[in-house]
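What follows is a single structure, written as structure tokens, with notes after it.
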Amino acid sequence: MENDIILKCESVVKLYRQGENSIYALRDVNLEVKRGQFVMICGKSGSGKSTLLNMLSGFDTPTSGRVFIDGVDINDAPEKERCRIRNEKIGFVFQNYNLLPILTAFENIIAPMQIGKRQWSEAYFRQICDRLGITDRLNHLPAELSGGECQRVAVARSLIGQPSVLFADEPTGNLDRKSSDELIELLKMTNREFGQTIVMVTHDESLLSIADTVYRMTDGTAKNITGNL
Ligand SMILES: Nc1ncnc2c1ncn2[C@@H]1O[C@H](COP(=O)(O)OP(=O)(O)OP(=O)(O)O)[C@@H](O)[C@H]1O
Ligand SMILES: [Mg+2]
């Protein structure tokens, strides 16, 4: 059912121009994500994974092609509407966390709620922080946290507003095996218990089996390889 499609992109192309050189980071990418799905995107370094996530989440604009979130063409929407969609419907865990250095962990986590003047669930907040093991780190600044703790704060920030789609770019990249397993367990829990839709980039092939759908990126193209792992 079309209604069940929370995220869709059609013929998305991204061309980066640098003087004489042009790089097609994405060439005609098409994909569909159903509500409640856990989708993983794998592929070699430079294959276009982060670029695709930036297009799907509305952080950047494709050279051509269309992206729909909850049925709305995000590149067609007026700037104010795009901001609202980004704040309310999108959660994003960046490859390099993007925490604000002058805010504590707690303030970083709730920042999107304050910016969007939104309510959040105190119980969900506590549950997420407990599961991520950051409850006793909430009053610290990012500079006082380890890389893995910063990553987990960024994950809490992306989940707190229960977005329509959570995007995560290599969220386990800076974590040791144990923290990585715990983070994946948390993402699985939010997916199963709260129906959180997730689109995650990973280079860890051992994680692919827990996804409902897997895409492999090769030189700017995305192929659905679910079932051929
Ligand atoms: N802002 C930019 N300007 C020019 N070229 C870019 C830009 N961002 C990315 N690229 C190029 O586009 C291609 C895809 O980059 P992208 O960051 O999407 O790869 P990736 O699959 O996420 O790689 P990694 O696994 O290393 O994070 C690469 O060739 C990269 O050099
Ligand atoms: Mg990347």
Q | Q196 (side chain) donor-acceptor with Q162 (main chain) under 3.5 angstrom | A | no
Q.
Strictly by ring-ring contact (aromatic ring centres under 6.0 Å, His included), give each pair with a member in residues 31-60 just once, sequence neighbours left out.
A. F59-F92, F59-F94
Q) Any salt bridge (charged side-chain N to carboxylate O under 4.0 Å, His left out) pairs touching residues 144-165, not counting sequence neighbours? A) R137-E149
Q. Counting distance only, does the side-chain N/O of D4 pair as donor-acceptor with the main-chain N or O of K34 below 3.5 Å?
A. no
Q. Does F68 offer a backbone N or O that forms a donor-acceptor pair with the side chain of D73 under 3.5 Å?
A. no
Q) Is there side-chain contact between T61 and R82, with at least one heavy-atom pair below 4.5 Å? A) yes
Q: Could you verify whether a donor N or O on one side chain and an acceptor N or O on the other, from S179 and D176, lie under 3.5 Å apart?
A: yes
Q: Applying side chain to side chain donor-acceptor pair (under 3.5 Å) between H203 and each of K44, K49, E170, report the one that passes.
A: E170
Q. Counting only N and O atoms by type, is there a donor-acceptor contact under 3.5 Å from the side chain of D28 to the main-chain atoms of V13?
A. no
Q. With a 3.5 Å cut-off and no angle check, do the side chains of D130 and T135 form a donor-acceptor pair?
A. yes
**Q.** Single-linkage hydrophobic cluster I160~L103, side-chain heavy atoms < 4.5 angstrom
**A.** no
Q.
Could you check whether K188 pairs with D181 (Lys NZ or Arg NE/NH1/NH2 to Asp/Glu carboxylate O, under 4.0 Å)?
A. no
**Q.** Whether T63 side chain and L15 backbone form a donor-acceptor pair below 3.5 Å
**A.** yes
(Q) One pair to check against salt bridge (Lys or Arg N to Asp or Glu O under 4.0 Å): D60 and K14. What are the steps and the verdict? (A) CA-CA 10 Å; D60 199 356; K14 183 67 177 179; 3.7 Å; yes
**Q.** CD/Q119: more than 12 non-hydrogen atoms of other groups inside 6.0 Å
**A.** no
Q. Given side chains that start at C-beta, do those of L166 and L187 come closer than 4.5 Å, heavy atoms only?
A. yes
Without placing hydrogens or testing angles, list every side-chain donor-acceptor pair under 3.5 Å for residues 214-229, not counting sequence neighbours.
residue, atom, partner, partner atom, Å
R216, NH1, E205, OE2, 3.3
T221, OG1, T218, O, 2.9
N224, OD1, T226, N, 3.0
N224, OD1, T226, OG1, 2.6
T226, OG1, V214, N, 3.0

Q | Check: P171 main-chain N/O paired with Q151 side-chain donor or acceptor under 3.5 Å | A | yes
Q) Between L175 and L183, is any pair of side-chain heavy atoms under 4.5 Å apart? A) yes
